[in-house]
Amino acid sequence: MSLREFIEAERAAAGAVLEIEEEVSTDYEAAAIMKRHDGGPILVFRRLKGHSYQAAAGVCGSRERIYRAIGADKETYYRRVSWAVQNPKPPELVESGPVMEVSEPPNLEGLPIFRHYEKDPGKYITSGIVVARSADGSFQNASVHRMLVLGKDRLAIRIVPRHLYAMREDAAMLGKDLQVAIVIGTHPAVMIGVNSGPDYRVNELWVANSLLGGRMKVVKCPDVDISVPWDAEFVLEGEISADETADEGPFVDLTGTYDIVRKQPVVRIKRVMRRRDAIYQALLPGGSEHKLLMGIPKEVRMYEAIQKAVPKVKGVRLTPGGCCWFHAVVSIKKQADGDGKNAAMAALGSNPSLKHVVVVDEDVDIDSPEEVEWAIATRFQGDSDLTLIEGARGSTLDPSSDQTNILTAKLAIDATIPWSKPKEKFLRAAIPEATRGERAAERQ
Ligand code: MN
């Protein structure tokens, strides 16, 4: 199940693929087109100035597309991803695959890597899955990182203190560089699996394989002891240096604002494997794809946690206006007064980056900002239904928080119907004719 197979399936099923036939520069021009179509169709850039490669962009740019990619819908994707995280399945190891059609010395400047924003220091790989082998050889990890092109065989990689960070530290203690294979151009289920947040030492590619129904195959890289999806578009083999660092940033993050410059590790690329007609996968920083790939796996973990606090959770959304990171809407089937506040506390407790949470009843469509606002307008009172928590741990990404100590204020808005008042006052009036029409439609 490859990137190109997914694009063709989407073209056939939803018609949501837009071909860009005119010649476009990878410097800003392609990014501007991505911005214009953000959240819309998959874009296929047919002709990139100075390159013979094509590029695909916005592949994971809509919720519906991501749901389709993992064989789920808006009601079931929580369970689907949770199940895959609990049941990672090793992919079949095969001798060779399409990604091995070409094997060549690295020349990153020859790849159609995009430059996105005005103040970016250079070209950034934004959809690269970094697959690493632990220094003791015992496990493989996969995670997505932004990487700045420093030259024909060098990248600066942003690594926040999570799994890959720990693996590099372990390798450095043994005086070793960390072996990696950077995978570019995969089926979107692989991106979701890789972002799904299983425990340390669980290979995220196995989670992705479960999401793909066990149909993933992997090949062993020739130069590093790492298995990668056999049908990827590109694989860059190399190592993350134990000691060499370089300036990384400024880079536009989820918020659409610039992240600061930091010293970050250098990746040295030794070899590039690719398909003969490889399609480069681009992803716009701060675009809807970036937000959804970060947000959807978090929603799954929040859903699991909130379910432990209140019996019936209908849905959890990290909303696009809140960068799919800072704002959540949770819908519950309320069974007692106080359920709204408990759900809000569970939401805040399960996601440290969250700042504001709105809890609504199950009759409110959490994908509609207007309906959520209606619930706040008609079911919420600021003196009794608002909870303020001061000085809690927040997100480094929020420019309004205290970014030195990463402290932030958190708000919970309980916009569920208060049970002390007659429920009928809060329910939307129905028009009988429309109701009969709906029943007729249901019978058909
Ligand atoms: Mn991991």
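Whatever order the structure lists them in is the order used to number ligands and atoms, beginning at 1. Since the model is a prediction, treat every value here as computed from it, not as a measurement.
Under 2.8 Å from the Mn ion (ligand 1), one finds the following protein N/O/S atoms: Asn141 OD1, His163 ND1, Glu204 OE2.
Within the structure, the ring-ring contact (aromatic ring centres under 6.0 Å, His included) test picks out the following pairs touching residues 159-209 (sequence neighbours left out): Phe6-His187, Phe139-Tyr200, His163-Tyr200.
The shortest heavy-atom contact between Pro222 and Met100 is CD-CE, 4.2 Å.
In summary, the side chains of Tyr258 and Glu118 do not present any donor paired with an acceptor at a separation below 3.5 Å, with no hydrogens or angles considered.
We find that Asp339 and Lys312 are not joined by a salt bridge, their nearest charged nitrogen and carboxylate oxygen being 4.0 Å or further apart. Using a 4.0 Å cut-off between a side-chain N of Lys or Arg and a carboxylate O of Asp or Glu, Arg215 and Glu92 do not qualify as a salt bridge.
Between Tyr53 and the options Phe45, Phe234, Phe114, a ring pair (Phe, Tyr, Trp, His ring centres under 6.0 Å) holds for only Phe234.
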